[in-house]
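One structure is given below, encoded as structure tokens.
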Amino acid sequence: MKRVKLVVAYDGTAYQGWQVQPLGDTIEGELNRALTQLLGEKIQVIGASRTDSGVHALCNVAVFDTDTRIPAEKISYALNQRLPEDIRIQSSEEVPSDFHPRHCESRKTYEYRIVNREFPLPTKRLYAYFTYVPLDVEKMKQAAAYLVGEHDFKSFCSTAAVVESTVRTIHELTVERQQEEIIIRVSGNGFLYNMVRIIAGTLMEAGRGNLKPEQIKDILDAKDRQAAGPTAPACGLTLVKYEFMP
């Protein structure tokens with residue numbers, strides 16, 4: 001028996017998120033199906049990040065155990081022949097049998113992209129949120145600064161989430177305009193359910209002038225989901241980097 005780690009990239013548009021659901025296709029479900037078919041044994045992967053419906057990833061991580069004699073590094077090639085075109089394995093390798101992607105200290109980086117112009121761009125519609133309302137990037141940057149560090153992010157967590165603690169650490173949070181696109185990039189040790197999308201929605205409220213940047217402190221202190229801004233649509237969000245700490 002060996003444990004294999006996969007690095008998985010996917011376009012989440014057609015899927016009900018990572019985790020297997022009773023109804024609808026999921027990334028985890030497609031991986032389980034393809035691996036079971038390839039290896040001839042029942043496979044259930046363990047994912048590092050359970051991305052939401054419609055969210056994309058360049059580098060999500062999954063592991064599984066197998067008795068196969070196929071070299072671990074070759075599994076990626078064979079698996080890609082059995083997966084839909086919107087899911088592709090970037091690498092596969094053998095890891096220690098006790099390696100668990102959700103039990104390791106890690107740093108995740110997400111990007112939220114916003115197309116900010118008069119009219120939508122059809123080629124961006126699946127990978128960025130569109131708004132014609134002008135956004136003040138400087139105010140968004142000022143608001144973002146209040147979120148860096150360790151905080152109780154209960155106000156930035158979906159009420160449907162069941163977690164032991166809502167305290168998380170954001171290592172870096174930047175807002176950058178590249179012509180007609182605004183990119184929110186956030187790195188942290190972990191994120192609550194819908195946390196990044198709520199942060200994006202709240203920063204856009206600051207950019208629209210609907211809240212002052214310094215009000216972020218009050219939103220954190222409130223520990224109330226109703227205090228923060230709306231949850232930004234899933235299409236703009238991509239997991240772009242996943243690092244395991246030594």
Side-chain angles (χ1 to χ4, degrees), residues 4-39 42-64 75-92 101-102 108-117 119-132 157-158 160-161 180-186 190-201 204 230-242:
V4 178
K5 182 181 83 168
L6 305 175
V7 176
V8 191
Y10 49 86
D11 176 337
T13 305
Y15 299 94
Q16 301 298 308
W18 171 273
Q19 196 168 7
V20 168
Q21 305 290 335
L23 298 174
D25 296 329
T26 66
I27 307 298
E28 184 179 44
E30 290 296 325
L31 290 173
N32 290 344
R33 176 196 59 77
L35 282 165
T36 297
Q37 181 187 69
L38 171 65
L39 303 176
K42 184 69 173 177
I43 299 292
Q44 291 186 314
V45 301
I46 301 170
S49 182
R50 296 170 179 172
T51 51
D52 298 340
S53 177
V55 173
H56 316 295
L58 301 181
C59 57
N60 207 346
V61 174
V63 298
F64 65 93
I75 289 175
S76 55
Y77 297 93
L79 190 55
N80 279 336
Q81 300 302 311
R82 291 165 170 80
L83 287 168
E85 289 185 341
D86 48 9
I87 305 174
R88 280 293 176 267
I89 308 304
Q90 303 301 294
S91 67
S92 57
R102 293 202 297 271
K108 304 175 190 177
T109 301
Y110 284 90
E111 284 185 355
Y112 194 90
R113 291 180 175 262
I114 305 158
V115 172
N116 191 205
R117 65 198 304 271
F119 298 110
L121 285 170
T123 55
K124 301 273 189 180
R125 76 190 190 284
L126 301 180
Y127 311 108
Y129 168 68
F130 165 75
T131 179
Y132 65 86
C157 177
S158 169
E180 295 175 316
E181 194 166 26
I182 296 170
I183 303 166
I184 299 169
R185 186 179 177 94
V186 56
F191 295 95
L192 301 163
Y193 185 43
N194 284 344
M195 179 174 161
V196 178
R197 290 166 58 193
I198 296 169
I199 287 173
M204 281 191 275
T231 304
C235 62
L237 186 61
T238 302
L239 175 63
V240 297
K241 196 171 185 180
Y242 207 117

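- Judged by distance alone, the side chain of T131 and the main-chain N or O of N116 form no donor-acceptor pair under 3.5 Å.
- Panel note: side chain N32, backbone V45; a donor-acceptor pair is recorded below 3.5 Å.
- Nearest heavy atoms, V55 versus A234: CG2-CB, 3.9 Å.
- Atom CD1 of residue I27 and atom NE2 of residue H56 lie 10.5 Å apart, to the nearest 0.5 angstrom.
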message: Checking L6 against F64 for the side chain to side chain contact (heavy atoms under 4.5 Å, CB included) test, could you report, in this order, the C-alpha distance in whole Å, the side-chain angles of both residues, the deciding distance, and whether it holds?
response: CA-CA 8 Å; L6 305 175; F64 65 93; 3.9 Å; yes
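- Looking at residues two or more places apart in sequence or on another chain, you find a salt bridge (Lys or Arg N to Asp or Glu O under 4.0 Å) between E180 and R117.
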Test log, rule side chain to side chain contact (heavy atoms under 4.5 Å, CB included), inputs T238 and Y127: CA-CA 8 Å; T238 302; Y127 311 108; 5.8 Å; no
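- Side chain of N60 to main chain of V8: no donor-acceptor pair is present (N/O by atom type, distance under 3.5 Å, no hydrogens or angles).
- Note: I184 CD1 to I114 CD1 = 4.0 Å, rounded to the nearest 0.5 Å.
- From Q21, atom CD reaches atom CD of E28 across 9.0 Å, with rounding to the nearest 0.5 Å.
- Residues passing the side chain to side chain contact (heavy atoms under 4.5 Å, CB included) test with L126, sequence neighbours excluded: T13.
- Judged by distance alone, with hydrogens and angles left aside, the side-chain atoms of N80 form a donor-acceptor pair with the main-chain N or O of I89 at under 3.5 Å.
- The shortest side-chain heavy-atom distance between Y129 and L237 does not fall under the 4.5 Å cut-off.
- Across S92 and V4, no two heavy atoms sit closer than the pair CB-CG1, 4.3 Å.
- Side chain of S76 to main chain of S91: no donor-acceptor pair is present (N/O by atom type, distance under 3.5 Å, no hydrogens or angles).
- The heavy-atom pair separating A14 from D86 by the smallest distance is CB-OD2, 4.1 Å.
- Take K124 and apply the salt bridge (Lys or Arg N to Asp or Glu O under 4.0 Å) test, not counting sequence neighbours, and it matches E181.
- Every pair tested for salt bridge (Lys or Arg N to Asp or Glu O under 4.0 Å) that includes a residue from residues 6-22 fails, sequence neighbours excluded, so the list is empty.
- Note that the CD atom of E85 and the CG atom of L83 stand 11.0 Å from one another [nearest 0.5 Å].
- Counting only heavy atoms from C-beta outward, the side chains of Q16 and S53 approach each other to under 4.5 Å.
- Listed by chain and number, the residues in a salt bridge (Lys or Arg N to Asp or Glu O under 4.0 Å) with R33 are E30 (sequence neighbours excluded).
- The side-chain heavy atoms of V186 and M195, taken from C-beta on, include no pair separated by under 4.5 Å.
- Smallest separation of non-hydrogen atoms from A232 and Y112: CB-OH, 3.3 Å.
- Listed for the E111 side chain is no donor-acceptor partner under 3.5 Å among the backbone atoms of T109.
- Looking at Y15 and T51, their side chains never come closer than 4.5 Å, going by heavy atoms from C-beta outward.
- The distance between the ring centers of Y110 and F191 falls below 6.0 angstrom.
- Side-chain contact between L79 and L35: present, with at least one pair of heavy atoms (C-beta onward) separated by less than 4.5 Å.
- Scored by the side chain to side chain contact (heavy atoms under 4.5 Å, CB included) test, R50 finds W18, Q19, R102 as partners (sequence neighbours excluded).
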task: List the steps, then state whether side chain to side chain contact (heavy atoms under 4.5 Å, CB included) holds for Q44 with V20.
output: CA-CA 10 Å; Q44 291 186 314; V20 168; over 6 Å; no
